[in-house]
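Notes follow the structure.
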Number of protein chains: 2
Amino acid sequence: MTRGATRRRILDAAQDLARSTGPGNLSLDAVAAQAGISKGGLLYHFPSKNRLMEALVEDHLNRFDVALSTQEKTGRPDAAICAYIAQFVAERQCGTPPPSGLLAALAEDPSMLDPVRRQERDFLGRIRANATDPQMATLAFMAIQGLRAMELLNTQVLNRSEEADLVDWLTTRLQACSASDSSAG
Amino acid sequence: MTRGATRRRILDAAQDLARSTGPGNLSLDAVAAQAGISKGGLLYHFPSKNRLMEALVEDHLNRFDVALSTQEKTGRPDAAICAYIAQFVAERQCGTPPPSGLLAALAEDPSMLDPVRRQERDFLGRIRANATDPQMATLAFMAIQGLRAMELLNTQVLNRSEEADLVDWLTTRLQACSASDSSAG
DNA sequence: TTGACTTTACCGACCGGACGGTATAGTTGC
DNA sequence: GCAACTATACCGTCCGGTCGGTAAAGTCAA
C-alpha cells in the first residue's frame, strides 16, 4: 500500500464513522478497523488523535480550495459567489456527504475549526470584492452556508427540490442585480 | 435548593462546558462540579447522560419557542420572519451564548437533533405561509441560520458590525417586498 | 551480486486513566 | 419519619497512546 492511499483510506474512514456513529464517538480503534488496518498502523500515519483531526480539517480545506479555484478565476463580475453556488449545486448532484470530520474535530477542541474560519473569511472577502452587489452576495453566501450547516448538523428543513428551487431563485436574483448594474453603469 | 433551580444550574453548566471544553469532552463529573453539586446529585436529576442531552435539546427548543411565540402572533404579513430576525438581533445585543448543548447532543448521537429539525421545519412553514414573498423569506431564514450556525461552530466570518449591517440591509429588503406587494395588490 | 544495514509501513499486546453508571449512606425540610 | 435530595465509594469498560516487534523494500560498499 502506498503512503497516500492508506492515508486517504484512513481519512475517509474517519469521515464515514463521524457521520454514522456521531462525531463524539470517534475512536482510533474504530477508524483503524474501518480503514482495514491496525491501530498501530493508524498511529504510524497520524501520531495522535489530534493530528488526525487536524488532517481531517486540512483535507476539507483542500477539497474546498481545488473545487473553487478553477471556477472562480474567470474574473467576471460575481464569479466568486457564482462559483460558490455552483459548487454547492454540484455537491448536491453528486450526493457528496457532508464534512462530518469537521464536527469530530470540533468535538475534540472548539479551536480546531479556526483554519476553516480563516479560509472562509478570505473567500467571503473575495466574494464581496468581486460582487456587483456586495450585500446581496453576502446574503447569498450566508444562505448557502445555512443550507450546508443544516446538512452537517442533520437539521435540514428543506428537501432536495425545495432547496433546488431556492437556489434557482437566488441565482436569478443575483443575475438581476448584475444586469441592472451593468445597464445602469 | 428547589428542584427547578438545580436543574437549571445543571443545564447551564453543561452548556458552558460544552462551549469551553468542546462538545465531545463533556463529562458528567465536570458538569456536576461546574454546577456545584456531586455526581450523585446530577444523576438524581438526569438518570443518564443521554437524558441530560435530551434535556439540553428540549431546553433550547423551549427558549426558542417562548421567545418567538409572542412576536409572531401579531398576524401581520411577514410577522414570522420578522420575529425570527428580531429574535436573532435581540440575542446578539444581549450577548446570548450559542446553544453549544446542541453540539454536545449531536456529538453523542446524530439523531438527537431530530426534534430541532421538526421544530424548525414547522417554523419555516409558518414563515412561508405568512410571507409576502415566500422565497425571499426563506432566503432570509437560511441566511440567519447560516449566521447562527457559524457562531455555533466557531467559524464566524462576519464581525458584529458587519453582521448588523447585513441584517439591516436584509430587513429593508423584506420591507421593500412587502411594500411593493401591498401597493400592487 | 551479495550481504550488511537502514527505512518504511504496519501489527497487536498492553497500560493507565477517564468516564458512565450503580449502590448506598447521609442530610434536610415538612 | 418520610420523601426529596445530595454525597461518597466503587465497578467495569472503553479509549488514547506506548512499545516491542516484523516484514518488505531500498541502499550501498566490496
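Just so it is clear, the structure is predicted and the values come from calculations on it, not from any experiment.
Contacts between residues 48-59 of chain A and DNA chain D, defined by a heavy-atom separation under 4.0 Å, are made by A:Ser48, A:Lys49. Near-neighbour residues of DNA chain D inside residues 17-29 of chain A, defined by a heavy atom below 4.0 Å, number-ordered: A:Leu26, A:Ser27, A:Leu28.
Distance, A:Phe46 CZ to C:dA9 P: 12 Å, rounded to whole Å. Between B:Glu108 atom CD and C:dC19 atom C1' the separation is 11 Å, expressed in whole Å. If you take CG of B:Leu42 and C1' of C:dT22, they are 14 Å apart, rounded to a whole angstrom. Between the CZ atom of A:Arg9 and the C1' atom of C:dA9 there is a distance of 13 Å, given to the nearest Å.
Contact between the side-chain N/O atoms of B:His45 and the OP1/OP2 oxygens of D:dT6 is found at a separation under 4.0 Å. Residue B:Tyr44 places no side-chain N or O under 4.0 Å from the OP1 or OP2 atom of D:dT6. Using a 4.0 Å cut-off, some side-chain N or O of A:Thr6 falls inside it from OP1 or OP2 of C:dC10.
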Is there any protein nitrogen or oxygen under 3.5 Å from a nitrogen or oxygen in nucleotides 7-10 of chain D, and what are the pairs?
residue	atom	partner	partner atom	Å
D:dA7	OP2	B:Ser38	N	2.5
D:dA7	OP2	B:Ser38	OG	3.1

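With sequence neighbours excluded, no residue satisfies side-chain hydrogen bond (donor to acceptor under 3.5 Å, both in side chains) with B:Arg19. For A:Ala149, the side chain to side chain contact (heavy atoms under 4.5 Å, CB included) partners at least two apart in sequence or on another chain are B:Ala149. For A:Asn159, the side chain to side chain contact (heavy atoms under 4.5 Å, CB included) partners are A:Ser161, A:Glu162, not counting sequence neighbours.
For the pair B:Asp12 and B:Arg8, the salt-bridge criterion is met [side-chain N within less than 4.0 Å of a carboxylate O]. Between A:Asp114 and A:Arg118, no side-chain nitrogen of the basic residue sits less than 4.0 Å from a carboxylate oxygen of the acidic one, so the salt-bridge criterion is not met.
Residues in residues 134-156 of chain B take part in these salt bridge (charged side-chain N to carboxylate O under 4.0 Å, His left out) pairs, two or more places apart or across chains: B:Glu91-B:Arg148, B:Arg92-B:Glu151. Among residue pairs with one or both ends in residues 24-36 of chain A, those qualifying as salt bridge (charged side-chain N to carboxylate O under 4.0 Å, His left out) are A:Asp29-A:Lys39; sequence neighbours excluded. Applying the side-chain hydrogen bond (donor to acceptor under 3.5 Å, both in side chains) test to every pair with at least one member in residues 46-56 of chain B, sequence neighbours left out, gives no pairs at all. Residue pairs that meet the ring pair (Phe, Tyr, Trp, His ring centres under 6.0 Å) test with at least one member in residues 79-119 of chain A, sequence neighbours left out, are A:Tyr84-A:Phe123, A:Tyr84-A:Phe141. Sorted pairs that involve residues 97-106 of chain B and meet side-chain hydrogen bond (donor to acceptor under 3.5 Å, both in side chains), not counting sequence neighbours, are lacking altogether.
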Starting at the 5' end of nucleotides 25-30 of chain C, put B wherever the base has a protein heavy atom under 4.0 Å, S where only the sugar-phosphate does, and a dash everywhere else. ------

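Hydrophobic clustering (ILVMFWY, side-chain heavy atoms < 4.5 Å, transitive): B:Met150 and A:Leu147 are in one cluster.
Nucleic acid contact class of B:Leu43 (heavy atoms, under 4.0 Å, all strands): base.
Looking at A:Glu120 and A:Gln145, their side chains do bring a donor and an acceptor atom within 3.5 Å of each other.
The heavy-atom pair separating B:Val57 from B:Ala105 by the smallest distance is CG2-CB, 3.6 Å.
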